[in-house]
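Convention: sequence-line order gives letters A, B, ...; per-chain numbering from 1.
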Amino acid sequence: MTKLPFSYYQDQDVNALAIDLLGKYLFTAIDGQVTGGMIVETEAYNGIEDKASHAYGGRFTNRTQTMYETGGLSYVYLCYGIHHLFNVVTAPKGIPHAVLIRGLEPVEGLEIMLVRRGMPLLKRNLTAGPGALAKALGIDRNLNSKDLLGEEIWIEDRGVHIPDQQLIACPRVGVAYAEEDALLPWRYYIKGNKFVSKPNS
DNA sequence: GTGCGGATGAACT
DNA sequence: GTTCATCCGCACT
């Protein structure tokens with residue numbers, strides 16, 4: 001188990017990173033309880049040029065300042081007043097790129113994740129979808145702006161490689177407000193994986 | 001200070 | 001397919 005190094009997150013091509021993060025492993029350790037799994041679905045948010053991004057047009061606020069930090073930090077925010085969404089901040093400091101993690105195949109701490117989700121049995125929706133996986137991993141705004149090389153939340157390379165034939169690119173979910181940028185094929189997922197949030201689209 | 005609406009999910013019909 | 005929970009970020013006054 002090797003944590004992805006600081007340099008990994010400095011890449012300025014946020015789409016390349018969104019693709020490369022498929023097959024990597026995201027974990028949290030909260031109150032000594034380790035939970036996590038393999039990333040199977042991501043979306044790229046391309047800084048100030050992307051109308052779907054919180055940082056579009058260079059918008060800099062208390063919330064978005066994390067996105068401008070150096071790659072290798074977490075960006076967690078509350079969506080719809082209910083769901084926490086987890087992103088990986090990428091690119092060097094000053095460039096607000098981020099990758100939203102939308103789907104996770106559960107691997108570690110299954111029982112703990114089931115309790116957090118209030119579910120009796122493993123079903124696909126335990127960790128399919130950004131709000132669902134954040135809840136399963138115990139991610140909330142306390143984990144915003146954390147170092148992904150730290151001890152609370154981190155990402156590992158376990159040597160999994162996703163072949164091109166299993167990689168699907170399509171438009172992002174829930175960004176209709178982004179006008180023409182809503183059509184960009186910047187959502188990526190592993191074809192056929194059970195823990196992709198919406199298999200067809 | 002006020003008002004609008006969102007990078008969703010689950011429970012409905 | 002439709003509804004709605006639930007709260008803060010953000011723009012504007």
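- If you measure from atom OH of A:Tyr189 to atom C1' of B:dA7, you get 17 Å, rounded to the nearest angstrom.
- Atom NZ in A:Lys135 sits roughly 10 Å away from atom C1' in B:dA10 (whole-Å rounding).
- For A:Leu78, taking side-chain heavy atoms from C-beta onward, the closest of the listed nucleotides B:dA7, C:dT6, C:dC7 is C:dC7.
- Heavy-atom contacts from other residues, nucleotides or ligands closer than 6.0 Å to CD of A:Gln166 number more than 12.
- Out of C:dC8, C:dC10, B:dT8, the shortest distance to the side chain of A:His83 is found at B:dT8.
- With rounding to whole Å, A:Arg117 atom CZ is found 10 Å from B:dA11 atom P.
- For A:Glu180, the CD atom is densely surrounded, since the number of other residues' heavy atoms within 6.0 Å is greater than 12.
- The side chain of A:Tyr75 approaches B:dA7 more closely than any other nucleotide in the set B:dA7, C:dT6, C:dC10.
- Protein atom CG of A:Asp140 is 14 Å distant from nucleotide atom C1' of C:dC7, rounded to whole Å.
- The side chain of A:Arg187 contributes no N or O atom lying less than 4.0 Å from OP1 or OP2 of B:dA7.
- Shown here, C:dA11 forms a base pair with B:dT2; the pair counts as Watson-Crick or G-U wobble because both key distances fall under 3.5 Å.
- Phosphate contact (OP1/OP2 of B:dA10, side-chain N/O of A:Asn125, threshold under 4.0 Å): present.
- Rounded to an integer number of Å, the gap from CD1 of A:Ile82 to C1' of C:dC8 is 12 Å.
- The distance from atom NE2 of A:His84 to atom P of B:dA7 is 15 Å, rounded to the nearest whole Å.
- Using a 4.0 Å cut-off between charged nitrogen and carboxylate oxygen, A:Lys51 and A:Glu179 count as a salt-bridge pair.
- In this model, the phosphate group of C:dG9 is not approached by any side-chain N or O of A:His54 to a distance below 4.0 Å at OP1 or OP2.
- Applying the 4.0 Å criterion to OP1 and OP2 of B:dA7, one finds that A:Tyr177 has a side-chain N or O inside that range.
- Contacts of A:Ala52 with the nucleic acid, taken as non-hydrogen atoms under 4.0 Å apart, include base atoms.
- Between A:Lys194 and A:Glu105, no side-chain nitrogen of the basic residue sits less than 4.0 Å from a carboxylate oxygen of the acidic one, so the salt-bridge criterion is not met.
- Summarising the geometry, the separation between NZ on A:Lys198 and P on C:dG1 is reported as 12 Å, rounded to the nearest angstrom.
- Between A:Tyr80 and the phosphate of B:dT8, there is a side-chain N or O to OP1/OP2 separation shorter than 4.0 Å.
- For A:Thr61, a side-chain nitrogen or oxygen approaches OP1 or OP2 of C:dC10 to under 4.0 Å.
- B:dA7: no Watson-Crick or G-U partner with both key distances under 3.5 Å is found in any strand.
- For A:Arg63 and C:dC10, the shortest distance from a side-chain N or O to OP1 or OP2 is below 4.0 Å.
- At whole-Å resolution of the value, CG in A:Leu85 and P in C:dG9 are 14 Å apart.
- Rounding to the nearest 0.5 Å places OH of A:Tyr68 at 8.5 Å from CZ of A:Arg59.
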